[in-house]
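Order of the sequence lines fixes the chain letters, A, B, ..., with proteins taken first and strands second; residue numbering starts at 1 for each chain. Fair warning: this is a prediction, and the values are worked out from it, not measured in the lab.
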Protein chains: 2
Amino acid sequence: MTIYDIAREAKVGIGTVSRVFNNSPKVTSETREKVILVATRLNYQPHAFAQALARKRSNTLSAIIPFFTNYFFIQVLQGVQESLVPLGYDLIIHGANNQEQLEEYLSRSMRKGRTDGTLLFSLELPDKFVEEFTDKKIPLVLVDTFHPQFDSILVDNTIGTKTAIEHLISLGHRRIGMINANLKSAPARERLLSFKKTIVEHGLEVDDAIVINSTSTRNDGFSREAGYFAMRNLLERDIVRPTAFFISSDIQSIGAIGALKEKGFRIPDDVAIVSFDDIEIAKYFDLTTMHQPMYDMGELAVKKLLFRIENLSAPVSSFKFTPDLIIRGSCGKNKNYTFNDTNEMGVHEPTEQPR
Amino acid sequence: MTIYDIAREAKVGIGTVSRVFNNSPKVTSETREKVILVATRLNYQPHAFAQALARKRSNTLSAIIPFFTNYFFIQVLQGVQESLVPLGYDLIIHGANNQEQLEEYLSRSMRKGRTDGTLLFSLELPDKFVEEFTDKKIPLVLVDTFHPQFDSILVDNTIGTKTAIEHLISLGHRRIGMINANLKSAPARERLLSFKKTIVEHGLEVDDAIVINSTSTRNDGFSREAGYFAMRNLLERDIVRPTAFFISSDIQSIGAIGALKEKGFRIPDDVAIVSFDDIEIAKYFDLTTMHQPMYDMGELAVKKLLFRIENLSAPVSSFKFTPDLIIRGSCGKNKNYTFNDTNEMGVHEPTEQPR
DNA sequence: CTGAAAGCGCTAACAT
DNA sequence: ATGTTAGCGCTTTCAG
């Protein structure tokens, strides 16, 4: 089934068939009807790649994420995918488990014609690619990572951290520890800086004995294990235990809570915890945390990327989302949280996502 | 940059250039070198769609999943994606939130040339598509869903359920309840049947007052909310409380545990729970559950699909994985599970996935 | 408004 | 072994 077949059947030229399918106005509604009729009868479907080749446009976007099984990315991707569908775009997803794979995927994305643009998540764009992407003017938008020469979407870690710490302080905590991810991650650095700054601003003291930066390279320390070991390590130190912790991600909190429970500590009674992300399972653990609007980030990423595709030379722009404090039970507030809470219910399934 | 450019520069014909890039043996290593040299100098990349058009092969597969934010699918997809990459294939992912979207995606997948084959997850293939897919011989493999005319990959719900129940019985439980998903889902039906059968086989009695099938349509009742409400409903009944529950998915267990805790019950002391899936967060909740080998399912799905692509007329085949019982703390065994347990550690990150 | 024809970049069959 | 040519299926001039 090609346009030739349907052209022959409808007794028109292939150009006309093409015009009909491209909604060209210069076609009599009469011939249009005729063509449509034949096309549906023959169950015609345009060949995607032939179209792409002729149009020089693939209607396909690609997304490169660090880890497949990371809720943060999945939730952002949901926003991406759902806003892409109505536009007729398809999404290719690449999970880059290491630097080598990242480069492989980046190369594929640059491969002419493969995709119209790409989304890079939380990964630093290797130097050798920045030149290539800019030179070839390949549309690229960065999500949760930054480079001055490309569009990006970020979360304000400074404000987010400040809000989290001030929540703890407002609850009466004076000795606050931090469990951080690996400092080679930019968000980890920003969160640490803001943590210290906020503590000092409130006349409290930063005690480095209760601040732990992960040395794990796996997922840059944003992992359950990293959280577990950091907390266990800290609890074994011969120091005055903090009454509260700021932990740089929900997933680390879950590990840290494991370590706390092992030692017999109760949350929030013995120690309060506030973390960052608000991934879906945060509510199952009743975690007070800084919410990142992942779905919205995905939507905006798509918007930016599509804009870039249309406007190759527009000035680069960057947008920062401000995270919101979500109060659940891990800081001793709102202890009577239940699964009934309609605010909490259903936030995690597509049909009821905040849009 | 096209083969013409590099052909001109290298002073050869375009055919030769093409041959070099397709590793044709009929080319002198001399000319090959020359071509490669020019190509790398000009930073040439073959145009994916032109290739696809000429080869009649896209090197792209698509996967249709019911919900984006469902760990089961994500984990299977990880297996899919990782086994695809080395083969040079790309993966397009479609999240179908409803019947309409499902049909839209199926149509896209059938669109000639778009993909070489598709993977359909846990969704019933609508009748009108079975004919089309078979007629047009479009490669399709079903994962966690079944149709006699297509290849499929399944999990043995009957054996899985039997194993789970017998574990409970071996622990001394005699009054066992079940919280099930919506019976319009095939796995839910199979699990219910096997539950009753196993109970009876062991000389126990099936009490319908402690068996609840979800009426939720959202995700067919495989959701936290469905689990929560089912359990709450059951606990409010004026009956003898079961000492143990078989719950048809981990995600429902998490909801059910919420309901149990609200009523002041402790797990596993007051009630034991065994469920199904072993999604990543099951271990965070210390859930004893039937493990589905999701990563392996993804790998096998790819293998089957690629085979089908090469052998359009091979007989249809179906493979059933047998789930394994993973004993954690929710049945009162192995209570001293810690985050240290190396068996448990790292199972959830790509680099250390069981292969 | 419509048909014919020239690509889009590549592969593969056909010559040489 | 290598160059040439005819498609792959569609879009888009260019005539008419």
Side-chain angles (χ1 to χ4, degrees), chain A residues 1-39 42-60 88 90 108 110-116 136 138, chain B residues 1-39 42-60 88 90 108 110-116 136 138:
Chain A
M1 276 313 95
T2 73
I3 41 174
Y4 289 91
D5 298 311
I6 104 118
R8 192 176 351 97
E9 286 290 310
K11 297 182 195 313
V12 297
I14 59 161
T16 304
V17 178
S18 176
R19 273 172 218 119
V20 168
F21 279 92
N22 289 293
N23 291 314
S24 160
K26 352 164 123 189
V27 162
T28 335
S29 54
E30 210 176 332
T31 43
R32 157 166 279 121
E33 298 242 328
K34 198 167 51 178
V35 170
I36 301 249
L37 206 71
V38 179
L42 267 52
N43 206 320
Y44 167 78
Q45 297 245 232
H47 186 118
F49 288 175
Q51 249 176 354
L53 185 58
R55 288 207 255 241
K56 297 172 168 303
R57 208 172 203 286
S58 66
N59 273 201
T60 301
D90 280 329
R108 277 199 208 182
M110 291 191 320
R111 189 161 155 204
K112 229 179 131 210
R114 187 70 196 90
T115 65
D116 294 339
K136 298 188 179 172
I138 300 173
Chain B
M1 273 315 94
T2 73
I3 41 174
Y4 289 91
D5 297 311
I6 103 119
R8 191 175 355 93
E9 287 289 312
K11 299 181 194 314
V12 297
I14 60 160
T16 304
V17 178
S18 177
R19 271 172 223 121
V20 169
F21 279 91
N22 289 293
N23 290 315
S24 161
K26 351 165 122 193
V27 73
T28 338
S29 54
E30 211 177 332
T31 44
R32 156 166 279 121
E33 297 242 327
K34 196 166 54 176
V35 170
I36 301 247
L37 206 73
V38 179
L42 267 52
N43 206 319
Y44 167 77
Q45 298 246 232
H47 187 119
F49 288 174
Q51 249 175 354
L53 185 58
R55 285 190 193 152
K56 297 171 167 304
R57 207 170 205 288
S58 66
N59 272 203
T60 302
D90 280 329
R108 278 200 206 180
M110 291 191 319
R111 189 162 155 202
K112 231 181 131 212
R114 187 71 196 87
T115 64
D116 295 338
K136 298 189 178 170
I138 300 172

Participant: Under 4.0 angstrom, heavy atoms only, what part of the nucleic acid is Val12(A) near: base, sugar-phosphate, or nothing?
Facilitator: sugar-phosphate
Participant: Can you check whether Arg114(A) reaches Asp90(B) side chain to side chain, under 4.5 Å on heavy atoms?
Facilitator: yes
Participant: Determine the minimum heavy-atom distance between Thr31(A) and Val27(A), stating which atoms define it.
Facilitator: OG1-CG1, 3.5 Å
Participant: Quick check for you: to the nearest 0.5 Å, what is the distance between Arg57(A) atom CZ and Thr115(A) atom OG1?
Facilitator: 11.5 Å
Participant: Could you give the distance from CD1 (Ile138(B)) to CE (Met110(B)), rounded to the nearest 0.5 Å?
Facilitator: 5.5 Å
Participant: Once you round it to whole Å, what is the distance between P of dC10(C) and CZ of Arg8(B)?
Facilitator: 13 Å
Participant: Hey, where on DNA chain D does chain A first and last touch, going 5' to 3'? Cut-off is any atom under 4.0 Å from a heavy atom.
Facilitator: dG9(D) to dT13(D)
Participant: If you take all heavy atoms of Ile6(A) and Val38(A), which pair is closest and at what distance?
Facilitator: O-CG1, 4.1 Å
Participant: So, taking the atom named CE in Met1(A) and the one named CD in Glu9(A), what distance separates them when rounded to the nearest 0.5 Å?
Facilitator: 8.0 Å
Participant: Enter the inter-axis angle for the ends of the helix from dC1(C)-dG16(D) to dT16(C)-dA1(D) (five pairs per end, rounded to 10°).
Facilitator: 50°
Participant: Should we say atom NZ of Lys136(B) is surrounded by more than 12 heavy atoms from elsewhere, each under 6.0 Å from it?
Facilitator: yes
Participant: Show, in sequence, the C-alpha distance, side-chain angles and deciding distance for Leu37(A) and Lys34(A), and conclude whether the side chain to side chain contact (heavy atoms under 4.5 Å, CB included) test is met.
Facilitator: CA-CA 5 Å; Leu37(A) 206 71; Lys34(A) 198 167 51 178; 5.8 Å; no
Participant: What's the verdict on side chain to side chain contact (heavy atoms under 4.5 Å, CB included) for Arg111(B) and Gln51(A), showing C-alpha distance, side-chain angles and the deciding distance?
Facilitator: CA-CA 12 Å; Arg111(B) 189 162 155 202; Gln51(A) 249 176 354; 2.4 Å; yes
Participant: Hey, what are the protein-to-nucleotides 5-8 of chain C N/O distances that come in under 3.5 Å?
Facilitator:
residue	atom	partner	partner atom	Å
dC8(C)	O3'	Lys56(A)	NZ	3.1

Participant: Looking at Gln51(B), I'd like to know whether one of its side-chain N or O atoms comes within less than 4.0 Å of OP1 or OP2 on dG9(C).
Facilitator: no
Participant: Name each donor-acceptor pair under 3.5 Å that joins a side chain in residues 43-50 of chain A to protein atoms two or more places apart or in another chain, with its distance.
Facilitator:
none

Participant: Tell me which pairs pass salt bridge (Lys or Arg N to Asp or Glu O under 4.0 Å) where either residue lies in residues 12-32 of chain B, with sequence neighbours left out.
Facilitator: none
Participant: Do you know the tightest heavy-atom contact between Ser58(B) and Gly113(B)?
Facilitator: CB-O, 3.6 Å
Participant: Search all heavy atoms of Val35(A) against all heavy atoms of Val12(A) and return the closest pair with its distance.
Facilitator: CG2-CG2, 4.1 Å
Participant: So which of residues 18-32 of chain B are in contact with DNA chain C, with a heavy-atom cut-off of under 4.0 Å?
Facilitator: Ser18(B), Arg19(B), Asn22(B)
